[in-house]
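Numbered from 1 within each chain, the chains take letters A, B, ... in sequence-line order. These numbers come from the heavy atoms of this one structure, side chains and all, not from hydrogens, waters or symmetry mates.
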2 protein chains.
Amino acid sequence: MANPLESPVEPQEDCQSCPVRSAALFGEISPELVERVQSATQPLAHPAGEVLFEAGQRADAAFTLREGTVKLVRSQPGNRSQIVRLLVGGDLLGAEGLFGEPYQHTAIALTPVRLCRLPMALLELLRTEDPRFTDALLGRWRRALSEVETLAVELGTCKAEERLAAFFLHWQRKHDKHGDSVDWLPLPLSRTELGELLGLRVETVSRLMARWKREGLLKEAGGKIQLLDTATLHGTATDEGLCT
Amino acid sequence: MANPLESPVEPQEDCQSCPVRSAALFGEISPELVERVQSATQPLAHPAGEVLFEAGQRADAAFTLREGTVKLVRSQPGNRSQIVRLLVGGDLLGAEGLFGEPYQHTAIALTPVRLCRLPMALLELLRTEDPRFTDALLGRWRRALSEVETLAVELGTCKAEERLAAFFLHWQRKHDKHGDSVDWLPLPLSRTELGELLGLRVETVSRLMARWKREGLLKEAGGKIQLLDTATLHGTATDEGLCT
DNA sequence: CGTGGCCTTGATGTCGGTCAAGCCAAGTGG
DNA sequence: CCACTTGGCTTGACCGACATCAAGGCCACG
């Protein structure tokens with residue numbers, strides 16, 4: 001629906017002071033380059049639910065996610081889709097253009113998001129200019145690979161309970177970067193989406209969560225959840241000695 | 001069992017004429033560097049079934065697979081393991097050491113293999129010396145990511161039949177690089193291993209293959225299979241419009 | 001006030017896991 | 001050479017986890 005031209009463009013912001021800069025791609029590049037980056041990038045904001053780009057489209061820009069959560073989806077003919085990754089602040093998406101390939105996923109905002117658009121030309125420039133930039137890319141790709149692998153392992157070897165419990169624990173760990181665990185963590189995924197991530201149907205997810213709430217393992221309110229008993233959750237995840 | 005010192009070391013070979021060189025990591029580096037590479041690498045051979053390295057070990061070398069097939073496995077406590085990738089000639093394995101991490105998988109030869117051992121020091125050297133080397137690494141990581149993603153999608157959204165059929169088709173496509181499809185393609189995986197790849201148990205794999213043989217969709221003999229009716233196989237893979 | 005999403009809960013079905021048994025080929029040792 | 005093991009494959013009987021189908025509740029929004 002939203003015309004790309006209408007994508008609300010934020011007032012120009014300062015990369016030097018970008019909250020996610022140290023975590024992001026440009027944590028490592030030289031200060032002089034940062035200026036060129038700043039002039040070539042374009043800050044954007046999108047509401048929840050909006051499609052950032054679609055699988056198969058020409059990948060003429062990558063994006064740095066400054067704030068919010070995004071899902072990367074691979075859709076199958078036949079109404080089934082699989083979420084392959086969840087992105088949070090500081091993550092990079094849509095860089096497949098560096099290989100001349102179209103976007104491999106459909107990216108959809110799960111919350112309102114703010115991001116920086118990085119035109120391919122800029123990335124190419126950085127790649128030739130600063131070897132550490134390529135290194136940073138390499139690190140990101142490696143991390144992504146590792147995440148998808150653990151997803152595959154869980155999909156292949158774990159049962160429903162275990163997968164869901166493992167997800168909650170992963171998700172929690174992803175959200176206390178500061179070491180101090182926040183107990184109310186945002187859960188911007190619908191039951192259906194949890195299912196699409198974990199290879200389950202809505203009803204299964206719903207039942208499991210209902211049961212866990214009944215048993216006092218977790219609470220939920222207003223799009224946030226609180227893990228009350230991570231110990232037994234972890235136990236469920238590794239039931240029979242399986243999974244993370 | 002095999003003492004690493006006993007790993008049969010082949011007579012020194014010539015990288016310049018390496019059959020997989022163009023496909024491999026060093027297709028792109030300068031001829032002068034190739035010499036230094038040659039002096040620092042170490043050709044190895046292992047019989048089928050041998051463990052090349054184990055998850056968690058210090059990753060002090062990567063390997064280029066010159067010939068044969070290798071499985072990368074992530075094992076779970078509780079007797080379950082998941083094959084996350086199958087490697088064939090020209091593939092690179094064990095490069096996670098570049099990030100100071102231990103090996104992320106256990107690598108096991110499915111056939112007799114020949115490979116080149118690349119000490120981490122050499123990789124570090126190449127990384128600083130030749131930017132195109134890092135680019136090559138990037139490409140490999142990206143391809144690996146893409147493969148694991150399709151695995152995850154299949155594990156998450158497809159049923160047994162569909163996954164197995166899809167695997168055979170992928171496997172076939174991987175083996176006719178020359179465009180001309182060889183009809184007898186090697187299948188160095190046991191039923192159990194097929195199960196570990198596709199998230200199924202031996203019995204399920206066995207039953208499906210037995211049925212397909214009965215129905216004349218495929219033949220099997222001496223560790224090789226022949227897909228007789230790729231059309232209906234493809235139909236099975238995408239049953240109800242799903243999967244590749 | 002009605003409509004459409006999302007969630008919940010129950011009833012029923014089925015795919016694939018589990019258990020168990022037997023087959024076959026390749027060792028191994030007497 | 002034969003008895004015995006061992007490991008992979010097959011097949012059948014059974015069962016359970018999860019999907020499917022169906023109905024109803026809750027809430028936001030027009």
Asker: D:dA19, C:dT9, C:dC7: which one has an atom nearest the side-chain heavy atoms of A:Thr204?
Answerer: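 Nearest to the side chain of A:Thr204 among the choices is D:dA19.
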
Asker: Whole Å only: how far is the CG atom of A:Leu200 from the P atom of C:dC7?
Answerer: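 Going from A:Leu200 (CG) to C:dC7 (P), I get 14 Å.
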
Asker: Working note: B:Leu233 + B:Glu161, criterion side chain to side chain contact (heavy atoms under 4.5 Å, CB included); need CA distance, chi angles, decisive distance, verdict.
Answerer: CA-CA 9 Å; B:Leu233 269 183; B:Glu161 273 188 317; over 6 Å; no

Asker: Nearest whole angstrom, please: distance from the P of C:dC7 to the CE of A:Met209.
Answerer: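 Between P of C:dC7 and CE of A:Met209: 9 Å.
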
Asker: Looking at the base of D:dC18, is there any donor atom on it, or on the side chain of A:Glu161, that sits under 3.5 Å from an acceptor on the other one?
Answerer: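 No, the side chain and the base share no sub-3.5 Å donor-acceptor pair.
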
Asker: Taking side chain to side chain contact (heavy atoms under 4.5 Å, CB included) as the criterion, tell me which of B:Leu52, B:Thr111, B:Leu86, B:Val88 meets it with B:Val70.
Answerer: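 Of all the options given, the one that passes is B:Leu52.
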
Asker: Rounded off to whole Å, could you give me the CZ-to-C1' distance for the B:Arg214 and D:dT10 pair?
Answerer: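 It is 10 Å, rounded to the nearest whole Å.
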
Asker: Using OP1 and OP2 only, check whether a side-chain N or O of B:Lys213 sits under 4.0 Å from D:dT10.
Answerer: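 B:Lys213 to D:dT10 OP1/OP2: side-chain N or O found under 4.0 Å.
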
Asker: May I have the distance from A:Glu203 (atom CD) to D:dA23 (atom P), rounded to whole angstrom?
Answerer: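 That distance rounds to 14 Å.
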
Asker: On the nucleotide D:dC9, are OP1 or OP2 found under 4.0 Å from the side-chain N or O atoms that B:Ser206 carries?
Answerer: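 No, outside the criterion.
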
Asker: Rounded to the nearest Å, what distance is computed from the CG atom of residue B:Leu194 to the C1' atom of nucleotide C:dG16?
Answerer: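 Result: 16 Å.
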
Asker: Let's test your reading of the model: under 3.5 Å, does the base of C:dC6 pair with the side chain of A:Glu193 as donor and acceptor?
Answerer: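 Answer no: no donor N or O sits under 3.5 Å from an acceptor.
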
Asker: At under 4.0 Å between heavy atoms, what does A:Gly49 touch on the DNA or RNA strands: base, sugar-phosphate, or nothing?
Answerer: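 If one applies the 4.0 Å heavy-atom cut-off, A:Gly49 turns out to touch nothing in the nucleic acid.
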
Asker: So for A:Arg207 and D:dT20, does any side-chain atom that can act as donor or acceptor lie under 3.5 Å from a complementary atom in the base?
Answerer: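 Under the 3.5 Å cut-off, the side chain and the base do form a donor-acceptor pair.
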
Asker: Across the strands shown, which category fits A:Gly195 at heavy-atom distances under 4.0 angstrom: base, sugar-phosphate, nothing?
Answerer: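 Contact class for A:Gly195: none.
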
Asker: Under 4.0 Å between a side-chain nitrogen and a carboxylate oxygen: does that hold for B:Glu193 and B:Lys71?
Answerer: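 Yes, charged N to carboxylate O under 4.0 Å.
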
Asker: Among the nucleotides C:dG17, D:dA17, D:dC9, which one has an atom lying closest to any side-chain atom of B:Arg201?
Answerer: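 Nearest listed nucleotide: C:dG17.
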
Asker: Check this for me, if you would: do B:Glu203 and B:Arg207 make a salt bridge, where the nitrogen-to-carboxylate-oxygen distance has to be below 4.0 angstrom?
Answerer: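 Here B:Glu203 does not pair with B:Arg207 in a salt bridge, since their nearest N and O are not under 4.0 Å apart.
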
Asker: Does a side chain donor of either B:Glu149 or A:His105 reach within less than 3.5 Å of an acceptor in the other side chain?
Answerer: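 Yes, because at least one side-chain N or O of B:Glu149 sits under 3.5 Å from a partner of the opposite role on A:His105.
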
Asker: Looking across every strand, which nucleic acid part, if any, lies under 4.0 Å from A:Ser190 by heavy atom: base, sugar-phosphate, or nothing?
Answerer: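 Result for A:Ser190 = sugar-phosphate.
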
Asker: Could you give the CZ-to-C1' distance, from A:Arg191 to D:dA19, as a whole number of Å?
Answerer: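 Value for this atom pair: 18 Å.
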
Asker: From CG of A:Leu110 over to C1' of C:dC6, roughly how many Å is that when rounded to an integer?
Answerer: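 Result: 15 Å.
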
Asker: Could you give the CG-to-C1' distance, from B:Leu189 to D:dC9, as a whole number of Å?
Answerer: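 Answer to the nearest Å: 15 Å.
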
Asker: If you assign each of B:Ala210 and A:Ala160 to its closest nucleotide in DNA chain D, which residue comes earlier from the 5' end?
Answerer: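 Looking at DNA chain D, the more 5' nearest nucleotide goes with B:Ala210.
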
